[in-house]
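Scroll down for the structure; my scribbles are underneath it.
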Amino acid sequence: MNSLQLYNTLTRTKAIFEPLNPPFVGMYLCGPTVYGYAHLGHARPAISFDVLFRYLKHQGYQVRYVRNITDVGHLADEVNDRGEDKLIRQAKLEQLEPMEVAQRFTDAYHIDMDALEVLRPSIEPRATGHIPEQIRLIQEILANGFAYEAHGSVYFNVRKYNESYPYGTLSGRKIEDLMEGYRTLEGQDEKQSPLDFALWKKATPEHLMQWDSPWGRGYPGWHIECTAMSTRYLGTTFDIHCGGLDLMFPHHEAEIAQANAAFHPCEGTHRNEARTWLHCNLITINGQKMGKSLNNFITLQQLFTGNHPALERAYAPMVVRFFILQSHYRSTLDFSNDALTAAGKAYRKLSDLLYSLQQLVLYANDVEDDGNPVWEIPRNLEKNCLDSINDDLNTAKVIAHLFGVSTWFNTLKQDVKLLQSLPGQVLKKMVNVYETWFQEILGLQLIEPPSKEILAGVMELVISFRQQAKLAKDYASADKIREELQLLNITLKDSREGTYWSYEPKQE
RNA sequence: GGUGACAUGGCCGAGAGGCUAGGCACGGGUCUGCAACACCCUUUACGGGGGUUCGAAUCCCUCUGUCACCUCCA
């Protein structure tokens, strides 16, 4: 497979990816609503589409990757809760400004994503920073006749829209089917139809976040922000829109409707906002979706620290990343301690493999391609990885290919003669291919070198061995330890209370 | 009720008409002062029942089970 194929939710088929304006690629991912800490579920789209971002860049595209921050909360519970905003609810609970809540969880999100080696997007727009854009978009939709105003709120007219464009193409829904589901609901007096959704909501005086608009003071609806921000930075039709499966309906469906109604009102053919729509599946826990509303989620911080009753131990961020990449993004992925532990061991194996390769290549000879069939190994690895990622981002298969060379290499490592007989450039090629796929594209990093805590533990151990030598009157060994450490700029200081150590780099 | 998925060996998970995916775990062995690592061997699966085919885990029908969406959710 020579070129990237992606499964487009719109067409339900895989198709070769062709950018609208090569070498430029625009991609958008619906980012987090920042009213709580990110959980394992948030990691999935961030990581899956991070790999896409990395791969597109690797292929030489100039990618503008927009991932928004939703800091005007969506409505918490429209029917029962008088439409209280999630962020506002959280702010009231904690006696904070809504923006304080948003800031705190945005920062936390960044910390978690950085730990997972998720690259920062090209643009990370905030919904509250794009209120004028959202208002303008609503005005367009109103002017084109696809929305109506009611008591200071504005609603999208789904039935009207459906006369010009098929509504529900992304999620495979028909308006009649949807109506059946709504029959039981009541209230919603302002809406002409229960299918309609708010573009702008009138704010009550107590509402903490509100803005002036042509329709009075209020706040934007639940779907308009993404249409406003994606089209602002990527154009009215762009390449790739991604998100979690649970956003497909109604969020993405609404986005498409809004974009068509605002930008392509007379065309009859709908542009769908983005040409390719990608959806990653959900992470389940005991076969059930992990979600805030179900209250069965595990935050990333809990995962990293092991501080959760469902966790048998802590899992490093790279283990979490590896765990997610070991399945295909469109499959459900079931969380369990066993699965995470297995992923951790597998990740360590690959990490060790790359580390040894990097060490060994330092001693490689300069023999170039000499027709030795061993050259096929790195070449095949590269080709296989490429074929797999091109097949709708099959990272699971890429990982399998990386494992494919482990036996060959580990055997080689233990056989000096065989190693010396090898053209050295093969190893260099191997390192190059491995680094490209493991680090650059999958975004997996090597297991971290020893930290400060480890050094402290090791020093304690060394000092205790020296103490034993002194007690045994083996002063030669004791002095040797002190002298050798001094060569590493570590000074041992004996005192009545015990031995201390300090590190002082020598001034050259 | 409507819509859409999915069921793969002890576990996790790719694959999608013929060719061992892979990882983890288990058992046996080599190496090793012990351990770890590594290597070798072993274990061969596609929910049930029909059908299409020379051949099906892969296509079709059917049954069973699980899940998701239809309301905020990554």
Side-chain angles (χ1 to χ4, degrees), chain A residues 9 12 29-33 35-36 38-49 67 70 73-81 83-86 89 168 171-174 176-185 188 194-195 197 222 242-251 253 279-284 286-295 297 322-323 325-350 352-353 356 384 388 391 394-404 406-415:
Chain A
T9 308
R12 313 263 159 181
L29 169 64
C30 293
T33 304
Y35 68 105
H39 59 73
L40 188 52
H42 290 97
R44 184 110 194 243
I47 290 172
S48 301
F49 301 123
R67 187 186 68 198
T70 297
H74 297 169
L75 293 195
D77 188 335
E78 193 191 348
V79 180
N80 303 320
D81 241 351
E84 195 169 14
D85 192 293
K86 276 177 183 170
R89 182 196 264 180
S171 54
R173 264 155 244 263
K174 295 190 180 75
E176 309 83 63
D177 296 339
L178 286 167
M179 282 308 290
E180 284 189 39
Y182 280 108
R183 247 167 225 163
T184 50
L185 294 177
Q188 316 204 334
L195 295 174
F197 54 88
W222 326 305
C242 1
L245 200 63
D246 50 350
L247 292 181
M248 194 162 78
F249 189 92
H251 185 62
E253 208 68 77
H279 289 95
C280 63
N281 219 311
L282 306 172
I283 291 185
T284 58
N286 297 322
Q288 256 212 329
K289 172 185 164 180
M290 182 177 288
K292 273 181 181 144
S293 52
L294 294 167
N295 216 37
F297 62 92
F322 189 88
F323 171 67
L325 293 179
Q326 234 186 344
S327 76
H328 185 88
Y329 75 96
R330 284 193 290 114
S331 304
T332 54
L333 173 60
D334 198 45
F335 162 86
S336 71
N337 281 286
D338 287 348
L340 255 312
T341 303
K345 289 187 180 175
Y347 160 64
R348 168 167 286 278
K349 219 165 152 179
L350 286 187
D352 286 351
L353 183 68
S356 331
N384 290 337
S388 298
D391 186 9
N394 197 330
T395 54
K397 225 173 168 182
V398 171
I399 288 173
H401 291 311
L402 292 177
F403 271 108
S406 76
T407 301
W408 168 76
F409 177 70
N410 282 321
T411 307
L412 189 69
K413 204 168 66 176
Q414 291 167 354
D415 189 337

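Convention: sequence-line order gives letters A, B, ...; per-chain numbering from 1. Heavy atoms only: backbone and side chains are in, while hydrogens, waters and symmetry mates are out.
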Identify, with sequence neighbours excluded, every residue that meets ring-ring contact (aromatic ring centres under 6.0 Å, His included) alongside A/F197.
-> A/F156, A/H223

What about A/K289: does its side chain form a donor-acceptor pair under 3.5 Å with the base of B/C67?
-> no

Would the number of heavy atoms belonging to other residues, nucleotides or ligands and lying under 6.0 Å from CZ of A/R330 be above 12?
-> yes

Heavy atoms, side chains only, cut-off 4.5 Å: are A/L353 and A/N410 in contact?
-> yes

What is the distance from atom CZ of A/R44 to atom CG of A/L282, rounded to the nearest 0.5 Å?
-> 8.0 Å

When the C1' atoms of B/C70 and B/G18 are considered, how many whole Å apart are they?
-> 43 Å

Would you mind reporting whether A/F297 and A/L40 have side-chain heavy atoms less than 4.5 Å apart?
-> no

Considering only B/A68, B/C69, B/C39, which nucleotide approaches the side chain of A/Q288 most closely?
-> B/A68

Expressed in angstrom and rounded to an integer, what is the separation of A/H42 atom NE2 from B/C72 atom P?
-> 16 Å

Could you give the distance separating B/G15 and B/U30 at their C1' atoms, to the nearest angstrom?
-> 34 Å

What is the distance from NE2 of A/H279 to C1' of B/C6, rounded to the nearest Å?
-> 18 Å

Could you measure between the two P atoms, the one in B/U43 and the one in B/U20, and give it in whole Å?
-> 15 Å

Taking side-chain hydrogen bond (donor to acceptor under 3.5 Å, both in side chains) as the test, write out the residues that go with A/T9, two or more places apart.
-> A/H279

Please measure how far the P atom in B/C12 lies from the corresponding atom in B/G47, and state the result in whole Å.
-> 14 Å

Whole-angstrom distance between B/G28 and B/A35, as gauged at atom P | 14 Å

Identify whether any heavy atom of A/G244 sits under 4.0 Å from a base atom; if not, whether one sits that close to sugar-phosphate; answer base, sugar-phosphate or nothing.
-> sugar-phosphate

Is a donor on one side and an acceptor on the other found under 3.5 Å between the side chain of A/E253 and the backbone of A/S171?
-> yes

In whole Å, what is the span from the CG atom of A/N281 to the C1' atom of B/G4?
-> 11 Å

Nearest heavy atoms of A/F409 and A/S356, plus distance in Å = CE2-CB, 3.7 Å

How far does the P atom of B/C61 sit from the matching atom of B/U52, given to the nearest Å?
-> 15 Å

Which residues satisfy the ring-ring contact (aromatic ring centres under 6.0 Å, His included) test with A/Y35, sequence neighbours excluded?
-> none

Whole-Å distance, A/F249 CZ to B/A5 P, equals 17 Å

For the side chain of A/D334 and the backbone of A/G287, is there at least one donor-acceptor N/O pair under 3.5 Å apart?
-> yes

Map A/H39 and A/R12 onto RNA chain B by nearest heavy atom, then report which one ends up closer to the 5' terminus.
-> A/R12

Which residues satisfy the side-chain hydrogen bond (donor to acceptor under 3.5 Å, both in side chains) test with A/Y347, sequence neighbours excluded?
-> none

Which part of the nucleic acid does A/M290 contact within heavy-atom distance under 4.0 Å: base, sugar-phosphate only, or nothing?
-> base

If you check the A/W222 side chain, which of B/C39, B/C12, B/C72 turns out closest?
-> B/C72

Calculate the interatomic distance between A/R173 atom CZ and B/A5 atom P; express it in whole Å.
-> 12 Å

Between A/K174 and A/T407, name the one whose nearest nucleotide on RNA chain B is closer to the 5' end.
-> A/K174

Bracket string, RNA chain B, 5' to 3' - pairs by Watson-Crick or G-U geometry under 3.5 Å, | interstrand = (((((((..(((.....[...)))..((((.......)))).....(((((..]....))))))))))))....

Distance between C1' atoms of B/U32 and B/C37 (Å, rounded) | 11 Å

Spacing between A/M248 atom CE and B/U71 atom P, to the nearest angstrom = 14 Å

Quick one: what's the B/S/- string for nucleotides 13-24 of chain B, heavy-atom cutoff under 4.0 Å, read 5' to 3'?
-> SSS-----BSSS

Let me know the distance between CG of A/L245 and C1' of B/A68, rounded to the nearest Å.
-> 7 Å

Expressed as a whole number of Å, how far does the P atom of B/G48 sit from that of B/G10?
-> 13 Å

Rounding to a whole Å, what distance do you find between A/Q414:CD and B/C39:P?
-> 7 Å

